[in-house]
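Data block below; observations after.
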Amino acid sequence: QVQLVESGGGLVQAGGSLRLSCAASGRTFSSYAMGWFRQAPGKEREFVAVISPAGGSTPYADSVKGRFTISRDNAKNTAYLQLNSLKPEDTAVYYCAASWSIRLGFRTADFDSWGQGTQVTVSS
């Protein structure tokens with residue numbers, strides 16, 4: 001099992017930036033994919049981005065493509081999500097997740113361990 005802890009959320013004005021971090025422990029970090037999801041009030045949890053174990057593949061949701069960047073530092077057992085050009089509709093709780101699958105997934109069911117989430121609020 002893997003323990004995941006997110007940090008870096010907060011309140012930011014539209015157009016601003018934040019950097020989320022996800023610290024992992026309990027299993028060899030470089031052996032699994034890492035994903036970010038978000039959930040706004042009253043909505044289902046939705047896919048944001050995923051990164052392969054070595055970092056070579058990084059698919060994004062269309063809604064964040066060109067604004068968000070996912071990355072990872074396997075030496076630090078940490079994944080990141082850089083959020084730029086933020087919009088009020090980006091307001092949500094952001095979750096990181098780990099996936100043991102050899103294929104990159106985009107559904108919540110494709111991921112095996114989840115963090116507790118960090119709140120991102122974008123004011124207009």
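Numbering starts at 1 and runs along the sequence shown.
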Any side-chain heavy atom of [X] within less than 4.5 Å of one from [Y]?
{"X": "Val93", "Y": "Arg45", "value": "no"}
{"X": "Pro88", "Y": "Ser124", "value": "yes"}
{"X": "Ser113", "Y": "Gln3", "value": "no"}
{"X": "Ser63", "Y": "Arg38", "value": "yes"}
{"X": "Phe29", "Y": "Lys76", "value": "no"}
{"X": "Ser25", "Y": "Val2", "value": "no"}
{"X": "Val12", "Y": "Thr121", "value": "no"}
{"X": "Phe68", "Y": "Trp36", "value": "no"}

Check your understanding: Could you state the interatomic distance from OG1 (Thr58) to NZ (Lys65), rounded to the nearest 0.5 Å?
Key ->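 Result: 10.0 Å between the selected atoms.
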
Just by modelled atom types, is the [Y] backbone N or O under 3.5 Å from a matching donor or acceptor in the [X] side chain?
{"X": "Thr118", "Y": "Gly9", "value": "yes"}
{"X": "Ser52", "Y": "Ser57", "value": "yes"}
{"X": "Ser101", "Y": "Ser99", "value": "no"}
{"X": "Glu6", "Y": "Gly117", "value": "yes"}
{"X": "Asn77", "Y": "Gly26", "value": "no"}

Check your understanding: Could you go step by step and tell me if Phe111 and Val50 meet the side chain to side chain contact (heavy atoms under 4.5 Å, CB included) rule?
Key -> CA-CA 10 Å; Phe111 289 79; Val50 62; 3.9 Å; yes

Exercise for review: For Val120 and Thr91, run side chain to side chain contact (heavy atoms under 4.5 Å, CB included): C-alpha distance rounded to whole Å, both residues' side-chain angles, the deciding distance at 0.1 Å, then the answer.
Suggested key: CA-CA 5 Å; Val120 171; Thr91 295; 5.9 Å; no

Practice item. Please name all residues satisfying side chain to side chain donor-acceptor pair (under 3.5 Å) with Ser17, sequence neighbours left out, ordered by chain then number. Key: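 Listed in chain order: Asn84.
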
Review point. Looking at residues at least two apart in the chain, or sitting in another chain, which of them share a salt bridge (Lys or Arg N to Asp or Glu O under 4.0 Å) with Arg67?
Key: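 Result, salt bridge (Lys or Arg N to Asp or Glu O under 4.0 Å) vs Arg67: Asp90.
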
Exercise for review: Write out all pairs satisfying ring pair (Phe, Tyr, Trp, His ring centres under 6.0 Å) with one or both partners inside residues 70-110, taking only residues at least two apart or from two chains.
Suggested key: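 Matches after skipping sequence neighbours: Tyr32-Trp100, Phe47-Phe106.
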
Give the minimum heavy-atom separation between [X] and [Y], together with the two atoms involved.
{"X": "Thr78", "Y": "Ala23", "value": "OG1-CA, 4.2 Å"}
{"X": "Gln1", "Y": "Asp112", "value": "OE1-O, 4.3 Å"}
{"X": "Val48", "Y": "Leu81", "value": "CG1-CD2, 4.1 Å"}
{"X": "Leu18", "Y": "Gly8", "value": "CD2-O, 3.8 Å"}
{"X": "Gln116", "Y": "Val5", "value": "OE1-CA, 3.7 Å"}
{"X": "Ser30", "Y": "Asn74", "value": "CB-ND2, 3.5 Å"}

Point to revise | Co-membership, hydrophobic cluster, residues Tyr60 and Leu83, 4.5 Å side-chain | key: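 Shared cluster, yes.
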
Practice item. Applying side chain to side chain contact (heavy atoms under 4.5 Å, CB included), run through Ile70 and Gln82 and close with a yes or a no. Key: CA-CA 6 Å; Ile70 190 171; Gln82 178 69 41; over 6 Å; no

Practice item. Run the numbers on Thr108 and Phe37 for side chain to side chain contact (heavy atoms under 4.5 Å, CB included), then give the verdict. Key: CA-CA 8 Å; Thr108 56; Phe37 288 75; 3.9 Å; yes

